Amino acid sequence: MVPVLAQSGVAILQYHHISDDTPRVTSVTAAELQQHLEFLQTNNFEIIDLAKVSALLASDQALPERAAAITIDDGWRNVYENGLPLFKRYRVPFTIFVNPKLMREAPHLYMNWEQLRELQRYGAVIANHSQSHGHMTRRLPNESEQQWQQRQLAEILQAQAEIDEQLGGPQPRLFAYPYGEYDPALQQLLEQQGFIGFGQHSGVWGRLTPLTAIPRFPAAAQYANLTTLATKLMSLPLPVVAAEPSSMMVAHEQLRPPVRLTLATLADIRPQQLTCFFAGARVTPQWQANSFSVSLPSDLPIGRSRLNCTAPSVSKSGRFYWYSQPFVRPRANGSWPD
Ligand SMILES: [Zn+2]
């Protein structure tokens, strides 16, 4: 008997710009977003609010068989201009992650609070993307761990204070890491402050997902394609209970960190059908009981990269379990590209 709760999950779509004249890599057109919303509606997906998912999981309640969530990072003005008509029409919940300091500094680029309040009336939750959208895991030269913590706490809590004040009271404590970058120390800070944290590595939010490392599927550019997006929306959370490395931040010298993932159950998976991909190359995992290890087929590039692993569900034809292990490898000087 397959544990049902271990199987179901929520596929979260991640957007940035809604526009046809912004960088394609982070943009969908309004027509593409409309296609996505149509697809979700006609295929009976329940579009679900992130705070509600968290509550359902916390109380051990089942998630809908087909569940998706919509998130939009950075609060670009084009989301108001091109997205509002769609959100008015489809009336679905969605979450916008904003950077209050950047909104003050570049008001021509970002939505203002009044526009965000209007979006709130049509289903938006306004949530936290830090004050200034920095690489939060980076320590400054000569900065102590405590000084780093204080600096990041201010990034998180000052942004939340502004959001709460502008949106009429305490809002759900949802945090999207800038660039999807986090490490165990940052996860701990968020957890202590009662936030759940969202990354930018792909995958499905399930019962076993750490609440400070929730995956999202990018839905822009080549990922806007409905055929590939449909597979992701239908995917299931691979029931990973332990992962090595435990942090996506690796040392500059660490070219091929060993990866080892342990699953809670193999009940609905045929281990020999699990495949991983890294930098376009297919990798065959080595199994040992409920764990598998992967040797990266090429060196980690400078900056962000990920290993994706999928396995078909035995009981649910056409659906795949999905897991993504993100990496950030810095240059020798400790920096990496945006
Ligand atoms: Zn962002």
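Ligands are counted one by one from 1 in listed order, and the atoms in each one are counted from 1 as well. Just so you know, these numbers come straight off a predicted model, no measurement behind them.
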[X] and [Y]: side chain donor to acceptor below 3.5 Å:
{"X": "Ser59", "Y": "Gln61", "result": "yes"}
{"X": "Asp74", "Y": "Trp76", "result": "yes"}
{"X": "Asn308", "Y": "Ser324", "result": "yes"}
{"X": "Gln254", "Y": "Arg329", "result": "no"}

Subject >> the Zn ion (ligand 1) - name of the N/O/S atom of Asp74 that sits closest to it >> reply: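 Distance check against the Zn ion (ligand 1) picks out OD1 in Asp74.
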
Original post:
Restricting to N, O or S atoms of His129, which is nearest to the Zn ion (ligand 1)?
Top reply: NE2

Original post:
Within the stated cut-off of 2.8 Å, is an N/O/S atom of His133 closer than that to the Zn ion (ligand 1)?
Top reply: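 So His133 counts as coordinating the Zn ion (ligand 1), yes.
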
